[in-house]
Protein chains: 2
Amino acid sequence: MTSAESGLPGIPGPTAAGRSKASGTAGTALGSAARLRVATPSVADRVAAELRLQLAEGLLLPGARLTESTISEELGVSRNTIREAFAELAAERLVVRHPNRGVFVATLGPGEIHDVYTVRRFIEVSAIRGGGSPERVAAVRAAVEEGKAAAAADDEEALGSANQHFHGAIVALAESRRLNAIMAQVLAEMRLFFHKATVDAHFYRSYLDDNEKICKALEAGQLDRAGDLLLAYLNNSEEKQRGVHGD
Amino acid sequence: MTSAESGLPGIPGPTAAGRSKASGTAGTALGSAARLRVATPSVADRVAAELRLQLAEGLLLPGARLTESTISEELGVSRNTIREAFAELAAERLVVRHPNRGVFVATLGPGEIHDVYTVRRFIEVSAIRGGGSPERVAAVRAAVEEGKAAAAADDEEALGSANQHFHGAIVALAESRRLNAIMAQVLAEMRLFFHKATVDAHFYRSYLDDNEKICKALEAGQLDRAGDLLLAYLNNSEEKQRGVHGD
DNA sequence: AATCTCAGAATTGTTCAACAATTCTTCAAT
DNA sequence: ATTGAAGAATTGTTGAACAATTCTGAGATT
């Protein structure tokens, strides 16, 4: 694609406000039909979602600059709307605003990585120590199996996802909307610097055993033990990350 | 004030872009002089800060609607900028966006209150169990004394602030930027529903003893005991809140 | 060659005005 | 009382404009 007109996923056609673009009526019928009763996310939200996706896929590397006009053209959305999306992403720390200089993909130095792991230690360990309903525990188990399957299929990408699902499921034990949101945000931040150093096969694979053990302890109701294992895992993981990245 | 031109604190004079408003040159000199080397926060940020303040002071009660045009006029800021500020506040959960209907001050039902306390239990208890440097412990002590002074002066407002400082100081033990930010956000949410029911003098005052005990345990290095006390305090506090608000 | 300076280009910050889409109001008709 | 249909108000989004700031690249200076 060279000069995209509407690069946004979801609802296809732009409705063309402004005073330009003769605004062909084609597609309008389908658009209103599809909008059954679900509140359509705003364009700004969709832009934010799209950028979040590109961030997660490593298409936008840390430190990269996000120029308003470029994205505006690329996505066929006005600059003002882009700015609204930026405000969202900045609040999520995925992106940093330098006044008068622009927004950049967040870069996580050694200190920041430690900070992220501190949050994870606090939340994940507390969550697992609190246990959870059988359904939630089953979800943790499912994530473990998902990881095994990915390993068997030699799918690195899926392995990484499974690992994140595992940790997400652990926090979900607490059944807290806010904790889930916080964890999701932290995991999104982590994806950011996962792309910097290409992780080798052994990197993720070594986690599988840990996850299995943690899950088993959880299922057996040995919550303190599960917490200790998880804590050790997180410490170990941080050390490895620290090794891979600067310092 | 009837038709405010620049209701924003901080940097006084609006620079008047657009094509209107003859833009008197008065005040410009002082403005640039004051902007020594500190990155001036954007207007959107200042709007968000102002709204955050009004929210904290109970000037904007939960459920209240924030109309773009009204705030735009009131603060002498364009609608687009207001929207950017809204995006910030929505990300902080202080405000909720109903598509095509507007933004409203967030309301916290019983479930939400429980959720907020869940986050606090996770973070605060973990933080105090981890202990902290002498300086950070001293900061906790300072918050306790601040509360005592406020009680002696019969200053309800200050008592509330001191209490929040106390809990903020506990999280600060962990020396984590992100945890501090999360806690600040949660406390901001709590301020939201504190204004609903006017808390009587005994409400806060009963906390003073708890805080003192917790602080003493912390200073004595009895971290587990401090954690237990804090946990009990939080459970008790949640129950009281639940009693005051619609159950 | 290294660096300083300064005009011009590019970009961000902010505003205004317009209009489509949606929601809210009002008021009559059944 | 319920329904329905103008009409008013508000949000969502755009495009254009311009001030302020930062970036860039030649020359000029040491």
Side-chain angles (χ1 to χ4, degrees), chain A residues 5-6 8 11 13-25 27-29 31-32 34-35 37-48 65-73 75-88 90 95-104, chain B residues 5-6 8 11 13-25 27-29 31-32 34-35 37-48 65-73 75-88 90 95-104:
Chain A
E5 238 317 335
S6 159
L8 275 311
I11 289 75
T15 329
R19 108 206 38 193
S20 66
K21 211 71 65 37
S23 157
T25 46
T28 332
S32 67
R35 190 185 309 117
R37 194 84 288 259
V38 190
T40 313
S42 73
V43 174
D45 286 341
R46 277 184 289 150
V47 168
R65 180 174 187 179
L66 300 182
T67 311
E68 295 182 358
S69 48
T70 303
I71 299 181
S72 172
E73 282 174 34
L75 262 44
V77 166
S78 97
R79 211 155 63 83
N80 276 322
T81 302
I82 299 288
R83 289 190 123 251
E84 262 185 69
F86 280 172
E88 266 185 59
V95 123
V96 174
R97 273 193 131 130
H98 289 254
N100 280 319
R101 293 175 29 73
V103 322
F104 301 80
Chain B
E5 240 315 335
S6 157
L8 277 311
I11 288 74
T15 329
R19 108 207 39 193
S20 67
K21 213 67 67 33
S23 153
T25 46
T28 333
S32 67
R35 191 185 307 119
R37 196 85 288 260
V38 191
T40 313
S42 73
V43 174
D45 285 341
R46 278 185 288 151
V47 168
R65 180 176 188 177
L66 300 182
T67 311
E68 295 182 359
S69 47
T70 303
I71 299 181
S72 172
E73 280 173 35
L75 263 42
V77 166
S78 95
R79 245 180 88 223
N80 278 319
T81 302
I82 300 287
R83 289 190 123 249
E84 262 184 68
F86 281 173
E88 266 185 60
V95 121
V96 174
R97 271 193 132 130
H98 289 254
N100 279 318
R101 292 172 32 72
V103 322
F104 302 80

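A quick note: this is a predicted structure, and the numbers were derived from the prediction, not measured. Every chain is numbered from 1, with letters handed out A, B, ... down the list of sequences. The analysis underlying the following values was restricted to heavy atoms, covering all of them including side chains, and did not include hydrogens, waters or symmetry mates.
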Integer-rounded Å distance: D:dG12 P and B:I82 CD1: 14 Å

Listed partners of B:R79 passing side-chain contact (heavy atoms from CB on, under 4.5 Å), at least two apart: B:E68, B:S72

Rounded distance in Å - CZ (B:F104) to P (C:dT23): 12 Å

For A:N80, side chain to side chain donor-acceptor pair (under 3.5 Å) partners two or more places apart: none

Pairwise N/O distances under 3.5 Å, protein to nucleotides 7-11 of chain D:
from, atom 1, to, atom 2, distance (Å)
D:dT10, O3', B:R65, NH2, 3.2

Nearest-Å distance for atom pair CG/P, residues A:N80 and C:dC16: 13 Å

Sequence-distant partners of B:A48, side-chain contact (heavy atoms from CB on, under 4.5 Å), two or more places apart: B:R52, B:A85, B:E88, B:L89

B:L66 vs B:F86 side-chain heavy atoms within contact, under 4.5 Å: yes

Atom-pair distance (CD on A:E84; P on C:dG13), nearest Å: 14 Å

Partner residues of A:S69 under the side-chain contact (heavy atoms from CB on, under 4.5 Å) criterion, sequence neighbours left out: A:T67

Side chain proximity check, A:V47 to A:L75, heavy atoms < 4.5 angstrom: yes

